[in-house]
Each structure stands twice: as C-alpha cells, then as structure tokens.
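Inspection log for the structure reproduced underneath, given as structure tokens.
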Amino acid sequence: MSSSSRRRRFLRTAIGLAAVLVLSVVGAGAWFYHRLDHNITTFDAGGVATERPPAPVPATPGASVPVNVLLLGSDTRDDGNNALGGGDEGVAHSDTAILVHVYADHKHAVGVSIPRDTLVTLPSCKLPNGTWTAPKTDQMFNSAFSVGDDPKGNPACTQNTVEKLTGLRIDHTVVVDFKGAAAMSDAIGGVDACVPNDVNEYGIHLTKGLQKLSGQSAVDYLRARHGIGDNSDIGRMKRQQAFLSSMIKKVQSQGFSLPTLLPLADAATKSLTVDEGLGTAMKVVDFARSVQDIKLSDVTFVTAPWRFAGERVRLVQPDADTLWKLLKEDRTLDGQGTAGTGTATSSPTASGTPATTAPLTPEQAAAPVIVVNGVGTSGLAGSGAEALKARGFQNVSLGANNPGRQTTEIAYDPTLKGAADQAAALFPGARTVEDPGSGAITVTLGRDYQPAGTQLNSVDASPSSSPSSSSSTPSGIPTGIAENTRGADTDPCANLTFG
C-alpha cells in the first residue's frame with residue numbers, strides 16, 4: 001500500500017472516530033436535556049399579576065441587566081415529601097423565601113431573606129377555580145403561598161406579594177421541596193454546616209458542631225426551628241443562609257464539569273417547580289452559565305430589616321425601603337455600583353469623624369480580619385465588619401461572641417502590622433496587641449465602640465424591642481441593613497442567631 005493510500009485511510013478513520021465521538025456527545029446531551037425537561041414542573045403563569053414593576057432597561061444597547069430570582073422552600077407533604085418532612089399531606093406553606101438579586105455585571109449577588117412572620121399586604125391572587133381574591137392587609141407573608149389551599153402551594157401569589165412589597169420585578173421564581181433539598185445535598189456529597197447545639201426534638205436528631213449534612217439531616221437542619229439555636233425564625237434564616245453559602249462553595253470547589261453538574265441538575269429538577277421562563281433544561285443551563293462567574297466573596301446575604309410586632313414581625317422603615325431602592329438601582333448595600341468608584345482615601349470612624357489614611361495596599365486589603373462581638377449587643381460585630389469592608393478590607397469574617405469587653409482590642413500577627421494599623425484607625429481608642437502566629441487580625445469590639453448615630457439593643461432588652469434602627473453605620477449603610485448582613489464566605493459557625 002502506498003504512503004498516500006495509508007494517509008487517506010488514516011484520515012478517513014480519524015474523521016470517522018471524530019464523527020462517532022461528536023454524535024455520541026450530542027446524543028447524550030440530547031438524551032440528558034430530554035430527561036431534565038421531563039423532570040421540570042412549571043406553575044401557571046396566568047396567576048402572575050398583570051400590573052407589575054417595570055423590567056430593567058439596559059444601560060447601553062445590548063448590555064446585561066440585573067436579574068431577580070425568588071427562591072421558595074415548600075413544606076408540602078405531597079408527592080412523597082411526607083417521608084422527609086413528617087406529618088400528613090395538606091396545604092403547602094413556604095417558611096423560606098430568599099430574593100436573589102444578580103447584579104447587571106453578573107459577578108455580584110445579594111440574597112435577601114424575608115421573614116415568614118412579616119406582616120404585609122397580600123395583593124389579589126388567582127385561586128384554582130380561576131377567580132381572584134381581594135387584597136388583604138396585615139397578613140403573614142408566608143400565607144401568600146397557601147392562598148387557594150393547594151397541596152403544592154401558590155408560588156405565583158408569593159411572587160405577586162414580593163413584587164408588591166419591594167417594587168422589584170421578579171424574573172424567575174423557583175420552589176424547592178424537601179426532596180429537592182435532600183437530593184441536591186446528596187448529589188454533591190454533603191454540605192458543611194454548623195449546628196449550634198444538640199437537637200433531639202420533633203423527630204429531629206442533630207449533633208452540635210461543624211459537620212457534613214446531606215439527605216434527611218440536611219432537611220432537618222434547614223427546617224428546624226424549635227430546639228435549635230434561639231428557636232426563632234430569624235435564627236433559622238441565618239442557618240439557611242450559611243447552608244446555601246456552603247453549598248455554593250462546595251459546587252464551585254468541585255468545578256463546573258459535567259460529572260459534577262449532571263447529577264446535581266438531575267437531582268434538582270426532579271423536585272423543582274419553576275416559572276415558565278425556566279421551564280426547559282436549556283433555559284436552566286443558560287441561566288446557570290450566566291451566573292457561574294460569581295465568586296463566593298461577592299455574594300452577600302441580608303435579612304430584610306425587621307422588628308418584633310407582638311408575635312409577628314414588621315419591616316423597619318426607612319431601612320427596608322432603602323434596601324429595595326438600592327437593588328432597584330442595582331447598587332451594592334453601601335450604595336456603590338458594582339463597577340466600583342475607586343479607592344477612598346479616608347473613612348469615617350466610630351466617632352463619625354474621617355480618619356485620613358493612605359489607601360490599602362493589595363496585601364493589606366487581603367489580610368484576614370475577624371470581628372468579634374465583645375459586648376453581646378445585637379448586630380455589633382456586623383456593623384464593625386461592614387465598616388472594615390467599606391474601608392477596603394476584603395477578607396472579613398465574624399467570630400464567636402465573647403462578651404465582657406469594655407475596651408475594643410485589636411490583636412494582630414506582627415506580619416500584618418500595616419493592615420492592623422489601618423484597621424485601628426477605624427476604632428479610636430482601641431488597644432492594640434501583638435498575637436504572633438495567629439496569621440490574622442482580630443478586632444474584638446468593646447462597650448466603647450458604637451457606630452455614629454446608632455442605638456443597638458442589648459440582648460437583655462425586651463422581646464418586643466427592635467434589633468434595627470434607621471440610623472447609619474460608619475460605612476453609611478443603614479443599621480437595619482448592616483446588622484442583618486452576612487457574607488457568603490463568613491465562617492459557617494459564626495452568628496447563627498440574631499441575639
């Protein structure tokens with residue numbers, strides 16, 4: 001056989017193998033998309049209100065726009081969920097609601113938890129028989145999901161309620177049931193979560209400490225309220241925020257490869273109910289691709305500013321409206337655009353006066369800073385953390401409360417002295433001490449620290465007192481927002497209650 005014949009034969013063989021490979025991949029992809037399409041359940045778009053907030057307009061032709069996604073957790077016992085949730089089948093409720101705002105740059109996101117007991121106005125909602133309800137005032141937020149007494153819930157009514165409450169247009173709504181939470185945690189090999197105390201109540205058994213949860217234990221952790229933490233819905237939301245952060249971290253660490261994503265997608269779509277805009281596998285994949293570049297450090301969770309109103313909750317004003325306004329304007333919680341406005345050369349201090357300091361170097365900005373509540377005052381550590389972030393520190397987390405401090409103390413590894421000096425400028429009168437080998441800066445806030453204009457509440461205050469106020473922290477963030485904020489990269493064991 002001539003060399004040219006051998007080359008032609010080799011070429012035909014190579015082309016044939018390539019064609020088989022491509023067809024195999026395409027065939028598998030088509031099969032998988034068909035499978036996911038079969039998994040996905042959509043809810044009736046006819047229940048979405050006709051009068052809605054306007055859709056965002058691109059800053060320039062062809063530019064990306066922000067996206068608002070409403071995540072709802074359903075406690076339905078329908079379709080086999082009673083095996084995980086316990087109890088009988090009946091009307092579905094949604095005690096978990098997180099409004100995720102993906103910024104127009106698709107590199108930052110904020111998740112806003114809305115307390116289930118919040119008193120709101122329920123707008124007109126569609127019933128299963130096709131009629132519409134009359135609006136009702138002073139209704140518990142989670143009652144929107146139960147309008148119509150459907151075992152699978154009424155996600156369109158909850159979407160309408162959130163749009164009415166926030167003035168934000170919801171682009172997508174996603175409902176996850178018990179089976180979905182269990183299956184997704186299983187699909188990624190478990191999620192690191194921190195249990196505040198041993199739990200042996202209501203059929204739930206969890207052990208105190210940081211551990212890997214999946215399946216039934218993950219469901220128990222996400223839904224338990226009594227017997228864990230401070231027994232409050234607010235505390236439960238903080239655990240849910242920490243759990244979602246750990247899940248995002250786990251998925252990102254495993255990479256966006258097919259072996260990772262296919263089992264996760266298969267598990268998730270079997271137990272999701274979504275709006276028609278996410279009603280096909282291709283639409284879900286396209287949306288996932290659009291947000292895959294968001295880093296964990298660029299995700300923030302915040303509980304809508306709240307206060308007790310008897311046994312219920314009301315949103316604190318004007319802080320809550322400020323939060324909705326920031327999101328409508330696609331601004332971060334400190335009022336900035338996600339593109340940034342340059343490095344500041346001065347920052348307000350705890351006393352409200354500017355501390356003129358040089359810009360942080362990249363090394364100083366990356367220094368790990370741990371903020372500790374040394375008093376026990378609600379939200380103190382969160383306020384201090386936000387002041388540090390506003391100054392430019394990028395690696396800020398919250399440590400466990402350590403009450404009893406009169407004076408703020410800044411302990412630092414000697415290798416981080418420059419960054420520690422920059423941090424100390426934000427806390428006049430703070431005592432600085434070296435902490436060799438710690439590898440970090442620890443800011444323990446004492447009774448001498450109080451953000452300008454704020455009056456934070458003692459943990460000994462009466463239950464009807466508000467943990468929020470409409471004043472501002474040193475970073476300019478309303479206190480009701482700042483003290484209810486949690487970075488997605490925060491220690492999963494830190495600040496798991498509102499106290």
Side-chain angles (χ1 to χ4, degrees), residues 48 52-59 63-73 94 96-115 118 120 141 155 158-176 237-238 240-242 244-245 247-248 274-275 277-278 284 286-306 315-316 318-340 386 389 475-478 480-482 484-490:
V48 176
R52 306 179 61 193
V57 178
S64 297
V65 295
V67 179
N68 295 311
V69 181
L70 180 61
L71 300 180
L72 301 175
S94 178
T96 302
I98 300 178
L99 170 59
V100 179
H101 178 81
V102 179
Y103 287 90
D105 69 353
H106 285 224
K107 293 184 178 179
H108 299 77
V110 169
V112 183
S113 292
I114 302 175
T118 303
V120 300
F141 172 74
T158 303
Q159 176 176 314
N160 296 343
T161 303
V162 173
E163 291 192 339
K164 176 72 174 178
L165 176 68
T166 66
L168 291 156
R169 188 182 184 92
I170 305 303
D171 299 288
H172 300 297
T173 294
V174 178
V175 183
V176 185
M237 287 190 298
K238 288 183 178 290
Q240 292 168 349
Q241 292 170 355
L244 286 175
S245 298
M247 178 174 279
I248 294 169
V274 299
D275 64 282
L278 289 177
V284 173
D286 285 344
F287 176 72
R289 285 172 177 164
S290 74
V291 298
Q292 69 179 15
D293 292 331
I294 299 178
K295 298 178 181 178
L296 192 67
S297 58
D298 291 325
V299 177
T300 303
F301 287 100
V302 59
T303 301
W306 63 280
L315 297 187
V316 172
D319 294 14
D321 282 346
T322 297
L323 176 60
W324 312 137
K325 185 174 186 292
L326 288 170
L327 299 185
K328 280 187 281 189
E329 295 176 352
D330 202 39
R331 294 187 174 276
T332 57
L333 299 185
D334 58 358
Q336 304 299 310
T338 52
E386 290 303 320
K389 290 178 181 178
S475 60
I477 305 172
I481 298 176
N484 286 294
T485 298
R486 179 188 190 91
D489 56 352
T490 299

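All residue numbers refer to positions in the sequence shown, counting from 1.
- With values rounded to the nearest 0.5 angstrom, Thr173 atom OG1 is found 3.5 Å from Gln159 atom CD.
- Using a 4.5 Å cut-off on side-chain heavy atoms (C-beta onward), Leu327 and Tyr103 make contact.
- Between Thr166 and Lys328, the closest side-chain pair of non-hydrogen atoms is not below 4.5 Å.
- Between Ser113 and Gln241, the side chains place a donor N or O and an acceptor N or O closer than 3.5 Å (distance only, hydrogens not considered).
- Put simply, the residue from Asp298, Val299, Ile248, Leu296 that forms a side chain to side chain contact (heavy atoms under 4.5 Å, CB included) with Asp489 is Leu296.
- In terms of heavy-atom proximity, Ser245 sits nearest to Ala488 at CB-O, 3.1 Å.
- Between Pro56 and Pro66, the closest heavy-atom pair is CG-O, 3.9 Å.
- Listed for the Glu163 side chain is a donor-acceptor partner under 3.5 Å among the backbone atoms of Ile170.
- Remark: Lys325 engages Glu329 in a salt bridge (Lys or Arg N to Asp or Glu O under 4.0 Å) (not counting sequence neighbours).
- Between Lys107 and Lys295, the closest side-chain pair of non-hydrogen atoms is not below 4.5 Å.
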Checklist entry - Yes or no on side chain to side chain contact (heavy atoms under 4.5 Å, CB included) for Ile294 and Val102, after CA distance, side-chain angles and deciding distance? => result CA-CA 9 Å; Ile294 299 178; Val102 179; 4.1 Å; yes
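- With Glu386 as the fixed residue, the side chain to side chain contact (heavy atoms under 4.5 Å, CB included) test singles out one of Ile481, Thr485, Asp334: Thr485.
- Considering CG of Leu168 and CG of Leu323, their distance stands at 8.5 Å, rounded to 0.5 Å.
- Leu315 has its side chain within reach of Trp324: a pair of non-hydrogen atoms, C-beta onward, lies under 4.5 Å apart.
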Item to check | Residue pair Met237, Arg486: steps toward the side chain to side chain contact (heavy atoms under 4.5 Å, CB included) verdict | outcome: CA-CA 11 Å; Met237 287 190 298; Arg486 179 188 190 91; over 6 Å; no
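- Nearest heavy atom pair, residue Gly73 against residue Ser94, reads O-OG, 3.0 Å.
- Between Gln240 and Thr96, the side chains place a donor N or O and an acceptor N or O closer than 3.5 Å (distance only, hydrogens not considered).
- With contacts defined as side-chain heavy-atom distances shorter than 4.5 Å, the pair Leu72/Val176 does not qualify.
- Counting all heavy atoms, side chain and backbone alike, Pro54 lies closest to Arg169 at O-CB, 3.7 Å.
- For the pair Leu278 and Val69, the minimum side-chain heavy-atom distance is 4.5 Å or more.
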Item to check | Trace of the side chain to side chain contact (heavy atoms under 4.5 Å, CB included) decision for His101 with Val112 | outcome: CA-CA 8 Å; His101 178 81; Val112 183; over 6 Å; no
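- Listed for the Asp319 side chain is no donor-acceptor partner under 3.5 Å among the backbone atoms of Pro305.
- A distance of 8.5 Å separates CG of Asp171 from CG of Asp275, quoted to the nearest 0.5 Å.
- Here the closest non-hydrogen pair linking Val65 and Val57 is CG1-C, 4.0 Å.
- Contact annotation: the side chain of Trp306 never approaches that of Thr118 to less than 4.5 Å [non-hydrogen atoms, C-beta and beyond].
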Next on the checklist: Go through it in stages, so that I can follow the logic: the residues are Asn68 and Leu99, the test is side chain to side chain contact (heavy atoms under 4.5 Å, CB included), and I'd like the CA-CA distance, side-chain angles, deciding distance and then a yes or no.
Outcome noted: CA-CA 7 Å; Asn68 295 311; Leu99 170 59; 4.1 Å; yes
